[in-house]
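Order of appearance sets the numbers: ligands from 1, and atoms from 1 within every ligand. For clarity, every value in this text was computed on a predicted model and none was experimentally measured. Computed over heavy atoms, backbone and side chain alike; hydrogens, waters and symmetry mates excluded.
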Amino acid sequence: MFEYVEKIENADLKNYCTFKIGARGTILFPKNLADLKKVIKDCENSHLPYFILGNGSNLLFPDHDLKSVLISLKKFDKIKILRSTSTGAKVYVEAGTNLFSLHNFCALNSLTGLEWSYGVPASFGGLIYMNGGAYGSEIANFVLRVKVLSGGKVRWLRRKDINFQHRKSNIDGIILGAEIKLANGEKNEILNLQKEYFENRKHSQPLDKPSAGSVFKRGKLLPAKIIDEFSLKGSKIGGAEISQKHAGFIVNIGSAKSADVRALISFIKQKTGINFEEEIIILE
Ligand SMILES: Cc1cc2nc3c(=O)[nH]c(=O)nc-3n(C[C@H](O)[C@H](O)[C@H](O)COP(=O)(O)OP(=O)(O)OC[C@H]3O[C@@H](n4cnc5c(N)ncnc54)[C@H](O)[C@@H]3O)c2cc1C
């Protein structure tokens, strides 16, 4: 099956997520829209579940082999300036674009706005789907419209028709790319800002250890603050630890299992008595 598309069967999923946790699975890499449509159709015809893989920076894979086929849009990685004006530009970014590449593109073209996201290890599609944000900004503020594949058809969703909420969106379908608006800036200022945001991250987040970022969503309650107040930093189950540096992160301190992370999540909820909502996506 899927002979027409690049694929890795029996892939070690640890290498496809920032948590470095998981067993084995099949990953497909369609190279264009026709391939992608065919892959989806074949999955549907054979009742094979599929899951869109971005950069795997918000995912917890299971300890058993994945039943769903993973579809990576890594080959959808073009960025194009559609229109430049005296104040800024409209840019189309394909979903598989790595966020670091987008930042390089922005600096090269003196386009400012996204510096707050420098260091988020996401694909652009994943950032849109999750409505990624940091330091008081979120990607929804830059989106003009999103191109999706849904029900076998390509459609454009206008910004006003998308419900972006904290770390989620209601986008139904596979995000192929999005048009965003950026402002004109000055290259060195952009590079300096990117560096500054990255330094802030390095200072506050355990970037030296595998994780999937913040485990829980922030709402009225600030999970990291509460977990810290309950003195849970450093608590361990198996190879998973509540980061000593940032209580909102669970880190993999060596050969952590999905079960260890899940148990630590339950431990946090039980100790604090709060049923925090997970931000990370836990695959079964
Ligand atoms: C060290 C670290 C720091 C982080 N800091 C932040 C932060 O500051 N702010 C923040 O918001 N997040 C942060 N995160 C979490 C994570 O980077 C974001 O949630 C990111 O947006 C996920 O993007 P991804 O491409 O890795 O998606 P994945 O983790 O691969 O997937 C996440 C979800 O998006 C869906 N998806 C991905 N691509 C598509 C597509 N093309 N079409 C439809 N659905 C798609 C997947 O199916 C899945 O449901 C951090 C993570 C780490 C490890």
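- In this pair, Tyr4 and Phe2 present their aromatic rings perpendicular. The plane angle is above 60°, beyond the 30 to 60° band.
- Residue pairs satisfying the salt bridge (charged side-chain N to carboxylate O under 4.0 Å, His left out) criterion with at least one member in residues 69-85, sequence neighbours excluded, are listed as follows: Glu6-Lys75.
- For Phe164, the ring pair (Phe, Tyr, Trp, His ring centres under 6.0 Å) test picks out no residue, with sequence neighbours left out.
- With Asn184 contributing its side chain and Thr85 its backbone, the two residues share a donor-acceptor pair below 3.5 Å.
- Checking side-chain atoms of Thr18 against main-chain N and O of Ser211 turns up a donor-acceptor pair under 3.5 Å.
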Kindly list each side-chain donor-acceptor pair under 3.5 angstrom involving residues 272-283, sequence neighbours excluded, with atom names and distances?
residue	atom	partner	partner atom	Å
Thr272	OG1	Ile268	O	2.7
Thr272	OG1	Ile274	N	3.2
Asn275	OD1	Lys269	NZ	3.4
Glu277	OE2	Lys217	NZ	3.3
Glu278	OE2	Lys269	NZ	2.6

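- At a 4.0 Å heavy-atom cut-off, the residues surrounding ligand 1 are Thr18, Phe51, Ile52, Leu53, Gly54, Asn55, Gly56, Ser57, Asn58, Leu59, Leu73, Ala95, Val120, Pro121, Ala122, Ser123, Gly125, Gly126, Leu127, Tyr129, Met130, Gly132, Gly133, Ala134, Arg167, Gly173, Ile174, Ile175, Arg201, Gln205, Leu207, Ser211, Ala212, Gly213, Ile281, listed by chain and number.
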